[in-house]
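I am attaching a structure below and will ask some questions about it afterwards.
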Amino acid sequence: MASQARGIRTRRQLLDAAASTFLEHGYEGASIGEITRRAGLTRGAVYFHFSSKEEMAQGVLDEAITTDRVRPQVLKLQELAPVQEIP
């Protein structure tokens, strides 16, 4: 069970890092190296969970579409950015 939880956590770290990298650099400008650096993980972790940068980007979009309380944005990747609550 511990390895399954670790795998879920690793995938989440990669998706979070990918979302912020895509948001900052765009899809074309984002590199697997930058994503792994931000996630604090290895390329091996990336390719264990995703076969390509394209598959990772699709994972980011899939997560954005299913997240509760997401405000529609021009760029779907912006929907993953943390939202500050207005009192």
Side-chain angles (χ1 to χ4, degrees):
M1 253 350 219
S3 70
Q4 183 179 11
R6 186 176 63 233
I8 292 168
R9 197 170 45 250
T10 298
R11 182 179 166 83
R12 174 82 267 145
Q13 284 176 259
L14 288 167
L15 289 174
D16 289 346
S20 66
T21 304
F22 293 144
L23 185 60
E24 186 175 328
H25 299 286
Y27 177 79
E28 292 297 325
S31 69
I32 296 294
E34 177 62 16
I35 293 167
T36 58
R37 185 191 67 72
R38 287 182 187 212
L41 298 166
T42 65
R43 284 182 182 266
V46 170
Y47 292 112
F48 179 82
H49 291 279
F50 303 99
S51 64
S52 64
K53 183 171 81 168
E54 180 180 2
E55 188 177 299
M56 188 182 304
Q58 187 61 54
V60 170
L61 293 175
D62 290 346
E63 289 290 320
I65 292 168
T66 60
T67 302
D68 291 340
R69 301 173 51 190
V70 171
R71 292 186 291 180
Q73 300 290 322
V74 175
L75 298 173
K76 288 291 182 196
L77 292 175
Q78 291 174 326
E79 293 177 355
L80 289 180
V83 177
Q84 293 182 341
E85 296 286 325
I86 300 173

Nearest 0.5 Å, please: how far is OH in Y27 from CD in E54? 5.0 Å

Find out whether L15 and H49 are in side-chain contact, i.e. whether some heavy atom of one side chain is under 4.5 Å from a heavy atom of the other. no

About how many Å separate CZ of R12 and OG1 of T10, when rounded to the nearest 0.5 Å?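 Result: 12.0 Å between the selected atoms.
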
Evaluate side-chain contact (heavy atoms from CB on, under 4.5 Å) for L61 paired with Q58, printing each intermediate quantity in order. CA-CA 5 Å; L61 293 175; Q58 187 61 54; 4.3 Å; yes

Please give me the minimum heavy-atom distance between A30 and H25, naming the atom from each residue. N-CB, 3.9 Å

Nearest 0.5 angstrom please: E34 CD to R37 CZ, how far?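 It is 4.0 Å, given to the nearest 0.5 Å.
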
Exercise: identify the closest heavy-atom pair between Q13 and A39: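 Closest approach of Q13 to A39: NE2-O, 3.1 Å.
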
Kindly give the heavy-atom pair with the smallest separation between A18 and M56, and that separation in Å.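 Result for this residue pair: CB-SD, 3.4 Å.
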
Are F50 and Y47 linked, directly or through intermediate hydrophobic residues, by side-chain heavy-atom contacts shorter than 4.5 Å (ILVMFWY only)?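 Result: yes, single cluster for both.
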
Min side-chain heavy-atom separation L14-V46 under 4.5 Å: yes

Distance from D62 atom CG to E55 atom CD, nearest 0.5 Å?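 Output value for this atom pair is 10.0 Å.
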
Inter-residue atom distance T21.OG1 - D16.CG, 0.5 Å rounding: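 Going from OG1 on T21 over to CG on D16, the span is 10.5 Å.
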
